[in-house]
Amino acid sequence: MQKETEIKLHASRETLLALREHPLLKKRNKSGWQRHELFNQYFDSPDHALAQARVALRLRRDGEQYIQTLKSRGQSVAGLSERNEWDWYLDKPKLDPKKLTDDCWPASLAGLDKKTLKPIFTTDFVREKADIAWGRGKQKVVIEAALDQGQVLAGKAAEPISELELELRQGEPAALLELAIELAAELPLMPCDISKAERGYRLHDPAHYQVQLPAPSLTATMPLDQAIPALAWHLLGNSGRLAEQYRHSGHWRLLADWFEQLTGLRALLASLGQAAPRASTRELRELLDALIGDWRPRIEAGQQDEQLRQQAPGLFAEELGQTRWGLLSLKASLWLLQSGWQNGRNARGDRQGAAPLGNWLLHLCRDEAKALQLPLYQRQPEDLAEQLPRMERLLVWLKLARSVLDLPEVDRLYGELAKLQSLASEPLSEESRPRRSEQAHRVWTLPAWKQLER
């Protein structure tokens, strides 16, 4: 078994050609580019038991060599993934279930009859790969760069493959992100958390494809410093998966959900107080503000305008043709990997970072609830939109961490506040004005809100 650490970056055919000749890769290329024609057949049971267990089983033909591979999915966010991998070299192109012993086979699949494993889709692509090596301080870094072009095939359905894979051979995972950031500063590269296997499953059976990641597991006693990366990785990972799925399908709801992850991440960064000094988040906030500033009016207008929804895939393709989305994702990933929010933190910030999440979050919600002054906006609902940033800060925590709060009817609090935020986002009209006022009153009278205002 070996541990595989890699990052996948979606790229156009033109970008892949530019990467092959990129000065940075040329300078560090120690092996030259080697061409491989790879044909992979993926296996699963009829009920997709392997997919549900987050396992990929494939048989690969690489020239005259046949390789059986089992991968167990580990952490995978914003394209950076870590997982266990087992390889077996075979004499013939036939799956060998006897290789799938208990030391690699997941316990959750112990009852599966391996004789039911059948081919369900294939990937057929050309890979050009090279070893990229350099010194990073006193440490040597070796990364395998692979330029993949081809297609995923499931029955009569097909999807193109066009991506850069960077796999760590020697050094620290941060080196993968640092190299990707240098490349993404000049070329449009989109971190992609969706593997070739997942794309195959998406083609094979779209109804069983999972777009969003499971919610993070939080407890009231965990320190804030553990909750910050859990929430941020979740929002960042979801944004990448939603971006890829919207690029694939063009369904409007996915774009709206993608935008919600961005506003949630921005609100999270703004809510951390001295646990994350403003200087430590400045670059990410500026990148997010630029994206949100361009996409908020499009999202808001598109909610009511079918023609704008039809135009959105083209606008999103233009966005992916720029560098800023990829750079944001990669820089945020590196910031999280290196606990960047702790940079420049003072003693009070350290105490906040070590505080139990339940206690810290209750204080945050109390401060934001009191500052929101809902009775004022019951009388002046036309001004409610000025409080959108505050509501977004409350909502990102209530959506993902409300289970740690000791408040009555906290699910209802989240639901009603979300309705108020939605009304505040809509253009003001004679019809919406009284609805804003009524909803502000409804939130203000909730038992949880009354407890927060004490």
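Quantities reported herein were computed from a predicted structural model and do not represent experimental measurements. Positions are given from 1, in the same order as the sequence printed here.
In the model, Q439 has a side-chain atom that pairs as donor or acceptor with a side-chain atom of E416 under 3.5 Å. Residues R351 and Q274 bring no donor and acceptor atom of their side chains to less than 3.5 Å of each other. Side-chain atoms of E453 and W444 include a donor-acceptor pair closer than 3.5 Å. Between the side chains of D103 and W86, not a single donor N or O lies within less than 3.5 Å of an accepting N or O. With hydrogens and angles left out, the side-chain atoms of N343 and S280 include no donor and acceptor closer than 3.5 Å. Side-chain atoms of Q310 and E306 include a donor-acceptor pair closer than 3.5 Å. Residues D87 and Q68 bring no donor and acceptor atom of their side chains to less than 3.5 Å of each other. In summary, the side chains of Y377 and E386 do present a donor paired with an acceptor at a separation below 3.5 Å, with no hydrogens or angles considered. Side-chain contact annotation: H441 with Q378, donor-acceptor N/O pair under 3.5 Å present. Checking S422 against S425 by side-chain atom types alone, no donor-acceptor pair falls below 3.5 Å.
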- List the steps, then state whether side chain to side chain contact (heavy atoms under 4.5 Å, CB included) holds for L57 with L117. CA-CA 9 Å; L57 176 63; L117 296 172; 3.8 Å; yes
- Task: Determine, step by step, whether I120 and F43 satisfy the side chain to side chain contact (heavy atoms under 4.5 Å, CB included) criterion, reporting the C-alpha distance in whole Å, the side-chain angles of both residues, the deciding distance to 0.1 Å, and the verdict.
- Result: CA-CA 6 Å; I120 57 172; F43 294 78; over 6 Å; no
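Two residues are said to be in side-chain contact when any heavy atoms from C-beta on lie closer than 4.5 Å; E165 and I7 fail this criterion. Side-chain atoms of M190 and E163, non-hydrogen and from C-beta on, never get closer than 4.5 Å to each other. Taking 4.5 Å as the limit, some side-chain heavy atom of R393 sits within range of a side-chain heavy atom of E368.
Across W258, F316, W295, a single residue satisfies ring pair (Phe, Tyr, Trp, His ring centres under 6.0 Å) together with Y246, and that is F316.
Ion pairing between K399 and E392 fails under the 4.0 Å rule for side-chain N and carboxylate O. Salt bridge absent: K118 and D44 never bring a charged side-chain N and a carboxylate O closer than 4.0 Å.
Between Y201 and F121, the ring planes lie perpendicular to each other; the angle is over 60°, past the 30° to 60° tilted range.
Sorted by first then second residue, the ring pair (Phe, Tyr, Trp, His ring centres under 6.0 Å) pairs that include residues 161-189, not counting sequence neighbours, number zero. Applying the ring pair (Phe, Tyr, Trp, His ring centres under 6.0 Å) test to pairs two or more places apart or on separate chains, those with a residue in residues 352-376 are W360-W397.
For the pair K419 and Y414, the cation-pi test (distance below 6.0 Å, angle within 45°) is failed.
Checked by atom type and distance alone, the side chain of D193 never pairs as donor or acceptor with a backbone atom of G240 at under 3.5 Å. In terms of modelled atom types and a separation under 3.5 Å, the side chain of E186 and the main chain of E182 share no donor-acceptor contact.
Taking E178 as the reference, R136 meet the salt bridge (charged side-chain N to carboxylate O under 4.0 Å, His left out) condition, with sequence neighbours excluded.
Within a 6.0 Å sphere centred on CG of D113, other residues, nucleotides and ligands contribute more than 12 heavy atoms. Around atom CD of E431, no more than 12 heavy atoms belonging to other residues, nucleotides or ligands sit under 6.0 Å away.
Looking at every heavy atom in both residues, A175 comes nearest to I143 through O-CD1, 3.9 Å.
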